[in-house]
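Note: hydrogens, waters and symmetry copies are ignored here, and every other heavy atom, side chains too, is used. When a residue number appears, it is its place in the shown sequence, counting from 1.
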Amino acid sequence: MSLTVKAFTHDTWPDFAALFGKHRGVRGGCWCVAHRCATSTQYTRMTRDERRAFQESLARQGRGHGLLVYDDDVPVAWCQFGPAAEFSRYDRGRAYGKLTIPAALAPRWRIACLFVDKHRRGEGLSKVALRAALARIAGGGGGVVEAFPFDVPGATRPSYTGSVKMYRDEGFVEVARLGTHTVLMRRDVPADRQTL
């Protein structure tokens, strides 16, 4: 494998569209906009094509958040992450809203999604994407990062959230259970002074 990473921008939109289009928009045609919509109602009222167009408009406006992992020139994995304010839908979650989060631990960043081409699973590409995202977060000044992996006993299919174990292996700690399957995890990423 010859892996490289590129930021998700309007320039890399065709690669994102190729990866997600190959999988019919992923997860019921989400096009990775569920956590970028202001409300769940906004999301559910969109058609698959409207979700695709919404994601493309975010990329065109410079508001696309994430990165793509390539093997040679072929996109094989994706991680959606960015400033916490851009993923404010988490704040409105019932269980999240009940948490008392000290100001010092308020999230600066959130990781919303990890996805790997179904023909490339089992190669550790989710971990590659997550580590690349953490490196970019460090280069962007670091800070508290939240992730929301699912913990579903007996699950055999990969989750778009990544696994609790993977986040734990990368230094995240469990903060709280949000409902039946969602686990809030947190890590404080130090700034990479060489890239600031």
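- Between E56 atom CD and H10 atom NE2 the span is 6.0 Å, to the nearest 0.5 Å.
- At a threshold of 4.5 Å between non-hydrogen side-chain atoms, the residues L3 and L125 count as touching.
- Between the side chain of R89 and the backbone N or O of A34, at least one donor-acceptor pair lies under 3.5 Å.
- Using bins of under 30°, 30° to 60° and over 60° for the plane-to-plane angle, the ring pair Y167/F172 lands in the perpendicular bin.
- The minimum heavy-atom distance linking Y96 with D91 is given by the pair CE2-OD1, 3.5 Å.
- Side-chain atoms of R52 do not come within 3.5 Å of backbone N or O of W31 as any donor-acceptor pair.
- A donor-acceptor pair under 3.5 Å is absent between the side-chain atoms of T12 and the main chain of D15, judged by distance alone.
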Q. Going through the checks in order, is the side chain to side chain contact (heavy atoms under 4.5 Å, CB included) test met by V116 and E123?
A. CA-CA 9 Å; V116 175; E123 299 178 30; over 6 Å; no
Q) Can you check side chain to side chain contact (heavy atoms under 4.5 Å, CB included) on E146 and F87, steps first, answer last? A) CA-CA 11 Å; E146 288 184 340; F87 298 92; over 6 Å; no
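- Aromatic ring centres of F148 and H35: separated by at least 6.0 Å.
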Q.
Evaluate I111 against C79 for side chain to side chain contact (heavy atoms under 4.5 Å, CB included), listing each step before the verdict.
A. CA-CA 8 Å; I111 298 171; C79 180; 3.9 Å; yes
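- At least one donor-acceptor pair closer than 3.5 Å links the side chain of R187 to the backbone N or O of E170.
- Taken from CZ in R131 to CE in M166, the straight-line distance is 10.0 Å, to the nearest 0.5 Å.
- Remark: the backbone N or O of H65 is not paired with any side-chain donor or acceptor of E86 at under 3.5 angstrom.
- Exactly one residue among Y160, F20, F16, F8 makes a ring pair (Phe, Tyr, Trp, His ring centres under 6.0 Å) with F115. That residue is F20.
- Shown here is R48, whose CZ atom has more than 12 heavy atoms of other residues, nucleotides or ligands within 6.0 Å.
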(Q) Before you tell me yes or no, could you show the steps for H23 and D117 under side chain to side chain contact (heavy atoms under 4.5 Å, CB included), namely the whole-Å CA-CA distance, both residues' side-chain angles and the distance that decides it to 0.1 Å? (A) CA-CA 8 Å; H23 299 85; D117 183 323; 3.5 Å; yes
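- To the nearest 0.5 angstrom, S163 atom OG is 9.0 Å from R168 atom CZ.
- Between the side chain of Q55 and the backbone N or O of C32 there is at least one donor-acceptor pair closer than 3.5 Å.
- Separation of atoms CG (L68) and CH2 (W13) is listed at 10.5 Å; rounding is to 0.5 Å.
- In this structure, T161 contributes its side chain and F150 its backbone to a donor-acceptor pair below 3.5 Å.
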